[in-house]
Amino acid sequence: MSDLTDLGVAAIRDGVRAGSFSACDVADAFIVNVSKAKALNAFLVETPEHAIAAATAADTARAAGETLKALAGVPIGMKDLFCTNGVVTTAASRILEGFVPPYESRVSQNLWDAGAGMLGKLNMDQFAMGSSNETSAFGNVISPWRRANGDTAPLAPGGSSGGSSSAVAARLCPAATGTDTGGSIRQPAAFTGITGIKPTYGRCSRWGTIAFASSLDQAGPMARDVRDCAILLEAMAGFDARDATSLKLDVPQWEAGLSGDLSGKRVGIPKEYRVDGMPAEIEALWQQGIDWMKDAGAEIVEISLPHTKYALPAYYIIAPAEASSNLARYDGVRYGLRDLPEGAGLQDMYAATRAEGFGDEVKRRILIGTYVLSAGFYDAYYTQAQKVRALIARDFEQAFERCDVLLTPTAPSAAFALGEKQADPIAMYLNDVFTVPSSLAGLPAMSVPGGLDKDGLPLGLQIIGRPLDEQGVLNAGLAIEQRAGFVARPGVWW
Ligand code: GLN
């Protein structure tokens, strides 16, 4: 039999059900891969006992002739933004070092209720702020990919869900959770040749997920293919009364609804996404994607999203504003790190703890956020950004009068080398140019691998859908997947 770690979620689920292999054998195979891949620094905490317990439950249920749960026997990786009961959760920040949540996030609970097991907690950009995983307080995640030209410079796995992308691409887990505030599922998926979907805002409960920017944060799956994403999203999503923005809707049967036939569908191509300086290879892949959509039966329409150029500036006001408020709770009193200098008072303790506990990028966001919310600047920045956000959402609404989904590149570049953009935060922010607008509008969006660049690195195509039309997004993604035939994978060097 082929290596069990080559199997994705559907294949593991089906194989365990059919008795082709045991869930414990699957868990063991991934645990071995995780233990051999320390060089990637994808895991902050390894929890083999959790994965084995879930696998044992699956095998026992099968032996007893019981109906197996949706994810029975499937071990996954959990981004460290999700609080996990009894398992250290830090959001890759020193300020939460040693924090052991006494509760489980709703998304992770949903996955365990569906029978999944946890291989460990995945490294990420600190508090999910970043696009390269370099803001983690516990060291960069390294992409398993290397350039084909013999250049062994370590590459960014994307961010902020870079532990998730690296682990899935390197076969350390068949799938992982991610979160996406401005692109953190889609951009790392694109950089590592995997698939990831951010659902409509409100589909997945934010309860127990460490908050970055609450009006934008959404959880979603990262996996090898579209079907695996559909299966996982079905388990992750659902109404939760503990999240005031959770949507009170039934979870559709996305897997059962999968179809790569796009007859009668219209695919919009936003002309403003042809940005200056985009590599010709990405243009070419986009054109290839358009041809694949046509081949799948879709009609192509050019559409306009005129406020696109304001999306990044608006996002980099709104997200830090919300972050500055959300991160006020880290004060050294309630969780994690406490720095209490000799003879210090309460204010000194707050200041010392926050100075010591937060990384530079997190501090930068708190400074920006506090500034744009301050009395004299609120209207000039925050109110203005909110107005722009409304205009961006309206652009999409108007576009969706003429088409069903949009097709764009996921990111304006392939994976860059670690360190390449670290000195210039703006250069890093620019990498989010294609993912941020749909986040501001709360729309479902996914990245699927389309091909490789001249250096042999993966490039992703993004599908953006109408609110609640994850099915349309998944189906367009499937149409690409069926035509791209993307089978490239990184060679094992770690
Ligand atoms: N790269 C973006 C940022 O740094 C998006 C992060 C995310 O989606 N969590 O804010």
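Read the numbers this way: they start at 1 and go in the same order the structure lists the ligands and their atoms. Note that these values count all heavy atoms, side chains included, but never hydrogens, waters or copies made by symmetry. Because the structure is predicted, anything quoted here is derived from the model rather than measured. Numbers for residues simply follow the sequence, beginning at 1.
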(request) Could you tell me whether the side chains of Y201 and R206 share a donor-acceptor contact shorter than 3.5 Å? (result)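 Note: Y201 and R206 side chains meet the donor-acceptor criterion.
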(message) Hydrogens and angles aside, do E272 and S304 bring a side-chain donor and acceptor to less than 3.5 Å of each other?
(response)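 Result is yes, a qualifying pair exists.
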(message) The criterion is salt bridge (Lys or Arg N to Asp or Glu O under 4.0 Å); which residues satisfy it with D151, sequence neighbours excluded?
(response)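 Applying salt bridge (Lys or Arg N to Asp or Glu O under 4.0 Å) to D151 gives R147.
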(message) Whether the side chain of Q126 engages the backbone of T135 through a donor-acceptor N/O pair (distance < 3.5 Å, no angle test) should be reported.
(response)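 Confirmed, Q126 side chain pairs with T135 backbone.
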(request) Tell me whether the guanidinium CZ or amine NZ of K121 lies under 6.0 angstrom from the six-membered ring centre of F43 and within 45° of its axis. (result)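 No.
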(message) Would R106 and W207 count as a cation-pi pair here, with the cationic atom under 6.0 angstrom from the ring centre and within 45° of the axis?
(response)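 So R106 doesn't make the cation-pi contact.
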(request) Collect the protein residues that have a non-hydrogen atom under 4.0 Å from ligand 1 and hand them over in chain and number order. (result)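 Heavy-atom contacts below 4.0 Å: A128, M129, G130, S131, S160, D180, T181, G182, G183, S184, F212, Y315, Y316, R365, D432.
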